[in-house]
Structures are given as C-alpha cells and as structure tokens.
Amino acid sequence: MSKTNVGSESEGAPLRRLLIVQHNEFAASSMRRFLAASFDEVRVVNASSGVFDVLREFAPTHLVCGQELGTDSETGATLIPSWRAECPSLICVVLATGALQLPSRLPGVDAVVHKPATPSAWLSVLAA
C-alpha cells in the first residue's frame with residue numbers, strides 16, 4: 001500500500017481521499033500518480049485482501065476498483081457492494097474494467113470506466 005498526501009482538512013474544505021484497489025501494480029501506480037493531483041490523499045491496495053481494514057482506517061471518499069483482482073479473488077463488481085456498506089464515507093465508487101459486457105446496473109457502483117480511458121474520463125467520473 002502506498003500513500004500520497006497533498007492537502008489538509010484544516011484548510012476548510014473536507015478532504016478528498018481516494019482508495020485504488022487494483023491487481024495490476026503498474027496500472028495502480030499510474031493511476032495513483034495521475035489522480036494524486038485531484039485528491040488530498042491517495043492509497044493503493046494491490047489485492048482485495050485487507051481492503052476492509054483500509055476502508056475503516058482511511059475512510060476514503062472515492063474508490064476506484066479494477067474488475068479482475070487476481071485468480072483467487074472475487075471480481076471488483078461483486079466486492080464493491082460490501083465495501084460500500086462498510087464505508088459510509090464513500091461518495092463515489094468507480095469500476096475500472098476492460099470488459100465489454102457488463103450488466104447495465106451494478107450494485108454500489110456509481111460509474112464504470114472502460115480501460116484504456118482518457119484523463120478527462122477519469123476526472124469526469126471522480127468529480128463528485
């Protein structure tokens with residue numbers, strides 16, 4: 001898990017905290033570097049294990065999750081509803097996927113970003 005700090009809540013506006021759950025370390029690192037400029041703090045979890053602990057401790061406002069989280073893991077789409085129920089601070093949950101066919105409504109998911117995505121697509125769905 002890695003962490004980036006940019007601002008502080010004492011500046012007036014509530015902190016925007018992003019948690020990235022991604023199996024691919026390169027993709028996670030790239031997302032963290034790009035999105036850090038738009039968030040006060042960014043953390044990365046490279047697998048689905050331990051996410052509940054990070055949700056409780058970090059209290060993210062935004063979550064980006066990959067669909068495929070490893071061979072021994074459920075998919076992001078199946079894990080997101082329980083993560084969202086555990087973490088009331090989440091205001092925006094995004095599923096990042098290369099899958100072409102997904103159900104039109106995914107419980108707990110506010111937006112789906114199809115990879116590869118443009119920077120403007122990421123910023124648009126994470127604007128909340």
Side-chain angles (χ1 to χ4, degrees):
M1 176 172 34
S2 59
K3 180 165 77 167
T4 303
N5 289 315
V6 177
S8 73
E9 203 159 2
S10 64
E11 295 170 359
L15 290 179
R16 289 172 38 95
R17 294 183 177 101
L18 173 65
L19 177 62
I20 299 169
V21 182
Q22 179 62 248
H23 177 66
N24 180 308
E25 288 185 40
F26 176 75
S29 176
S30 296
M31 276 192 250
R32 181 184 50 77
R33 278 193 311 272
F34 171 70
L35 294 171
S38 298
F39 288 88
D40 297 298
E41 193 170 354
V42 176
R43 292 199 186 174
V44 174
V45 177
N46 292 324
S48 62
S49 62
V51 174
F52 282 108
D53 293 335
V54 176
L55 289 171
R56 285 184 212 106
E57 182 264 324
F58 182 52
T61 56
H62 295 71
L63 182 132
V64 171
C65 180
Q67 174 69 341
E68 298 300 324
L69 299 175
T71 56
D72 295 333
S73 179
E74 296 178 59
T75 65
T78 59
L79 292 166
I80 285 172
S82 59
W83 294 342
R84 187 137 206 184
E86 179 68 28
C87 189
S89 62
L90 286 170
I91 58 173
C92 181
V93 175
V94 177
L95 180 68
T97 182
L100 298 176
Q101 294 185 350
L102 290 171
S104 59
R105 296 268 307 146
L106 294 168
V109 175
D110 296 308
V112 175
V113 172
H114 291 277
K115 300 186 286 186
T118 64
S120 61
W122 282 109
L123 296 175
S124 174
V125 297
L126 291 167

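Below, all heavy atoms of this structure are taken into account, side chains as well, without hydrogens, waters or symmetry copies.
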Name each donor-acceptor pair under 3.5 Å that joins a side chain in residues 91-99 to protein atoms two or more places apart or in another chain, with its distance.
residue	atom	partner	partner atom	Å
T97	OG1	A99	N	2.9

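For residues 114-123, the set of pairs meeting the salt bridge (Lys or Arg N to Asp or Glu O under 4.0 Å) definition, not counting sequence neighbours, is empty. Applying the salt bridge (Lys or Arg N to Asp or Glu O under 4.0 Å) test to pairs two or more places apart or on separate chains, none has a residue in residues 19-28.
Atoms CD and CD, on Q67 and Q22 in that order, are 10.5 Å from each other to the nearest 0.5 Å. Distance OG1/T75 to CD/E68: 7.0 Å, rounded to 0.5 Å. We find the CZ-CG distance between F39 and L126 to be 4.5 Å, quoted to the nearest 0.5 Å. One distance of note links CG of L18 with CZ of F58; it measures 7.0 Å at 0.5 Å rounding. Atom NE2 in H23 sits 7.0 Å away from atom OG1 in T71 (nearest 0.5 Å). Separation of atoms CD (E57) and CG (L19) is listed at 10.5 Å; rounding is to 0.5 Å.
Nearest heavy-atom pair across S38 and L123 is OG-CD2, 3.4 Å. P60 and S89 make their closest contact through O-OG, 2.6 Å (heavy atoms, listed as atom of the first residue, atom of the second, distance). The two residues C65 and G76 come nearest to each other via the heavy atoms SG-CA, 3.7 Å.
Between the side chain of T61 and the backbone N or O of R17 there is at least one donor-acceptor pair closer than 3.5 Å.
Counting heavy atoms from C-beta on, the side chains of L79 and L69 come closer than 4.5 Å. Residues V64 and W122 form a side-chain contact, since some pair of their non-hydrogen atoms from C-beta on lies under 4.5 Å apart.
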Step by step, would you call D110 with R84 a side chain to side chain contact (heavy atoms under 4.5 Å, CB included)?
CA-CA 11 Å; D110 296 308; R84 187 137 206 184; 2.7 Å; yes

Side chain to side chain contact (heavy atoms under 4.5 Å, CB included) between V42 and F34, worked out
CA-CA 10 Å; V42 176; F34 171 70; over 6 Å; no

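S120 is linked by a side-chain contact (heavy atoms from CB on, under 4.5 Å) to T118, counting only residues two or more places apart in sequence or in another chain. With sequence neighbours excluded, the residues satisfying side-chain hydrogen bond (donor to acceptor under 3.5 Å, both in side chains) with S29 are R33. The side-chain contact (heavy atoms from CB on, under 4.5 Å) search around E86 returns F52, R56, not counting sequence neighbours.
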